[in-house]
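Shown next, in structure tokens, is the structure this report addresses.
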Protein chains: 2
Amino acid sequence: MKTKVREELKLKKQAYVQEEILTAAATLFAETGIRAVTIDDIASSLGYTKSVVYYYFKNKNQVLWEIFQRIHEAWSQDMTSIMESDLPPAELLGAMIRQHALNVMGRKAWTAIYFRDQGELTTDQQKIIVKRKREYDQLFKSAYTKGVEAGIFRDIPTYLVVSGIIGMANFTHAWFKEGGAMSPEEIADHYVEIILNGCKKN
Amino acid sequence: MKTKVREELKLKKQAYVQEEILTAAATLFAETGIRAVTIDDIASSLGYTKSVVYYYFKNKNQVLWEIFQRIHEAWSQDMTSIMESDLPPAELLGAMIRQHALNVMGRKAWTAIYFRDQGELTTDQQKIIVKRKREYDQLFKSAYTKGVEAGIFRDIPTYLVVSGIIGMANFTHAWFKEGGAMSPEEIADHYVEIILNGCKKN
DNA sequence: AGAAATTCTGACCCATCAGTCAATTCATTT
DNA sequence: AAATGAATTGACTGATGGGTCAGAATTTCT
């Protein structure tokens with residue numbers, strides 16, 4: 001069946017162009033905000049015309065939604081693989097903070113979009129994102145709770161601690177510059193230390 | 001000179017309507033993002049027509065810029081009055097964190113706009129805001145540096161600590177609900193404790 | 001009351017931009 | 001070389017929304 005081979009090739013090429021468009025779109029969205037970016041902008045940043053984008057995506061919302069999907073997939077994979085390694089509470093929470101911070105700094109555009117532009121999605125899509133964010137927070141919460149139960153973390157409301165961690169890490173997207181004085185790893189490690197010390201029971 | 005009295009009255013009335021419009025605009029801007037809010041939306045949320053807004057403001061950008069001015073004024077006033085009370089480093093930094101967190105939670109709309117929508121300003125305006133933010137950060141940095149010199153804080157790069165603090169506090173705007181389980185003061189105090197413990201030299 | 005200033009209205013213009021579509025080019029297969 | 005189908009173009013439409021303006025309504029002053 002040559003048709004099958006051809007079909008696959010076609011899909012691969014399409015997938016490639018789609019990813020290319022998504023990457024370009026994400027960069028532009030992050031820079032100036034979704035509303036400020038036209039489909040023309042996305043297309044011409046790749047040397048295409050508007051119609052090409054519409055050939056690969058139904059509409060602007062689908063482009064945005066696919067970006068959200070990519071972000072979620074990547075982040076949740078990273079995080080769950082950490083959860084599986086059963087480290088003791090402090091090390092576990094530390095690894096999670098570190099990973100989240102690295103993710104943010106490694107893909108600043110993603111963070112900007114994921115946390116700033118949720119409101120551009122449809123209400124149904126927003127519901128999904130809210131739920132996913134809750135699940136993501138939940139991973140941090142359970143790690144912290146374990147630490148409290150083990151008597152090594154102070155008994156502070158977990159959502160407060162977790163939000164603080166996420167907020168602290170997310171904010172790096174606003175100031176971190178690739179190739180600056182500190183590497184993402186150093187920055188992440190400092191934050192891990194601040195939080196772990198800050199929450200340590202003494 | 002009756003004309004003078006009249007002039008003043010006129011200005012007062014105008015000022016009142018202007019503030020009214022700015023408040024309404026800020027709320028809407030925060031909710032859905034600046035681009036998503038039309039001048040009509042702002043006007044009709046107050047029972048006015050579009051033209052009324054244009055009577056009091058030159059254009060949409062001026063509305064936004066005035067909001068940014070208000071935010072800066074309020075925040076920098078709060079902060080400098082804390083700086084003037086010469087507290088010892090740890091207490092000083094604690095008071096600043098507390099104040100910033102309270103400001104954020106007290107005016108969630110402002111925070112959303114000030115940190116999310118900077119990109120909607122003109123480049124000249126952005127430059128001013130960037131400079132102001134740097135000055136604001138500087139206040140925190142100097143407080144932290146004092147603590148390091150006094151040997152009570154660990155010697156972590158100050159911009160890292162300060163960004164962490166601001167990020168943590170700012171993020172409350174995304175989850176804090178008026179009338180929830182914890183008061184803004186309690187939340188602020190917890191964050192103060194986490195940071196001070198996290199940075200304490202031991 | 002009547003003049004003068006102020007505030008407000010609604011219709012209008014114009015640029016932008018999401019999304020469509022018929023037609024064309026290009027690549028692949030037979 | 002002809003046929004099939006994928007990829008691309010560019011012109012078009014329709015809606016939206018920023019901003020203008022001439023005049024109407026209202027308030028204030030004399």
Side-chain angles (χ1 to χ4, degrees), chain A residues 1-22 24-26 28-29 31-67 117 119-122 125, chain B residues 1-22 24-26 28-29 31-67 117 119-122 125:
Chain A
M1 299 279 118
K2 292 229 174 128
T3 44
K4 203 159 195 179
V5 178
R6 197 171 114 202
E7 192 74 7
E8 271 170 29
L9 219 80
K10 178 188 130 192
L11 289 177
K12 247 189 198 141
K13 196 185 167 187
Q14 288 191 338
Y16 175 80
V17 180
Q18 276 173 357
E19 293 304 320
E20 191 184 32
I21 291 171
L22 289 177
L28 292 175
F29 284 167
E31 273 168 14
T32 34
I34 284 142
R35 297 258 178 166
V37 177
T38 69
I39 302 286
D40 252 328
D41 292 335
I42 298 167
S44 58
S45 85
L46 292 163
Y48 295 146
T49 60
K50 187 162 67 156
S51 305
V52 175
V53 176
Y54 279 103
Y55 181 72
Y56 291 99
F57 295 92
K58 217 172 84 248
N59 51 35
K60 198 177 180 181
N61 175 73
Q62 206 206 337
V63 175
L64 182 58
W65 181 238
E66 290 295 334
I67 292 172
D117 296 328
E120 299 292 333
L121 298 168
T122 67
Q125 290 168 340
Chain B
M1 299 277 116
K2 290 229 174 128
T3 43
K4 201 159 194 177
V5 177
R6 196 170 116 203
E7 192 73 6
E8 272 170 28
L9 218 81
K10 177 189 130 192
L11 288 178
K12 248 191 196 138
K13 197 183 165 188
Q14 287 192 338
Y16 176 80
V17 180
Q18 277 173 356
E19 293 305 319
E20 190 185 33
I21 291 171
L22 289 177
L28 292 174
F29 285 166
E31 272 168 14
T32 35
I34 284 145
R35 297 259 178 166
V37 177
T38 70
I39 303 287
D40 253 329
D41 292 336
I42 299 167
S44 60
S45 85
L46 292 164
Y48 295 145
T49 61
K50 186 161 66 155
S51 305
V52 174
V53 176
Y54 279 102
Y55 181 73
Y56 291 99
F57 295 93
K58 216 172 87 248
N59 51 35
K60 199 178 179 180
N61 175 72
Q62 206 206 338
V63 175
L64 181 58
W65 181 239
E66 293 294 334
I67 292 172
D117 295 328
E120 299 292 332
L121 297 169
T122 67
Q125 289 168 340

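Every chain is numbered from 1, with letters handed out A, B, ... down the list of sequences.
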Figure out the [atom1]/[atom2] separation between [X] and [N], and round it to whole Å.
X	N	atom1	atom2	answer
B:Lys60	C:dA15	NZ	P	19 Å
B:Gln14	C:dA5	CD	P	15 Å
A:Lys12	D:dA6	NZ	P	18 Å
A:Tyr48	D:dA6	OH	C1'	14 Å
A:Ile34	C:dA18	CD1	P	12 Å
A:Glu20	D:dA7	CD	C1'	14 Å
B:Arg35	D:dT16	CZ	P	18 Å
B:Gln18	C:dT7	CD	P	10 Å

Residue pairs passing the side-chain hydrogen bond (donor to acceptor under 3.5 Å, both in side chains) test where at least one lies in residues 43-53 of chain B, sequence neighbours excluded:
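Passing the test, one end in residues 43-53 of chain B: B:Glu20-B:Tyr48.
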Tell me what B:Phe57 touches on the nucleic acid: a base, only sugar-phosphate, or nothing, going by heavy atoms under 4.0 Å.
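It contacts nothing in the nucleic acid.
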B:Val17/B:Tyr55 under side-chain contact (heavy atoms from CB on, under 4.5 Å): CA gap, chis, key distance, verdict
CA-CA 11 Å; B:Val17 180; B:Tyr55 181 73; over 6 Å; no
Please list each protein N or O that sits under 3.5 Å from an N or O in nucleotides 20-27 of chain D, with the distance.
none

Minimum-distance pair of heavy atoms, taken over all atoms of B:Leu28 and B:Ile42
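Where B:Leu28 meets B:Ile42 most closely, the heavy atoms are CD1-CA, 3.7 Å.
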Listed nucleotide nearest any side-chain atom of A:Thr49, set D:dT9, C:dC8, C:dG19
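The closest nucleotide is D:dT9.
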Among D:dA7, C:dC8, D:dG19, which nucleotide has an atom closest to any side-chain atom of A:Tyr55?
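Out of D:dA7, C:dC8, D:dG19, the nucleotide with an atom closest to A:Tyr55's side chain is D:dA7.
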Could you identify which residues of residues 36-45 of chain B place a heavy atom less than 4.0 Å from some atom of DNA chain D, listed by residue number, or say none?
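Heavy-atom cutoff 4.0 Å gives B:Val37, B:Thr38, B:Ile39.
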State which residues pass side chain to side chain donor-acceptor pair (under 3.5 Å) with [X]; sequence neighbours excluded, sorted by chain then number.
X	answer
A:Gln14	none
B:Glu19	B:Arg70
A:Asp41	A:Thr38

Once side-chain contact (heavy atoms from CB on, under 4.5 Å) is applied, do any residues pair with [X], and if so which ones, sequence neighbours excluded?
X	result
B:Gln125	B:Asn61, B:Trp65, B:Leu121, B:Thr122
A:Ala36	A:Thr32, B:Arg35
B:Gln62	B:Phe57, B:Lys58, B:Asn59, B:Glu66

Of B:Gly47 and A:Asn59, whose closest DNA chain C nucleotide lies nearer the 5' terminus?
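Its nearest nucleotide being more 5', the pick is B:Gly47.
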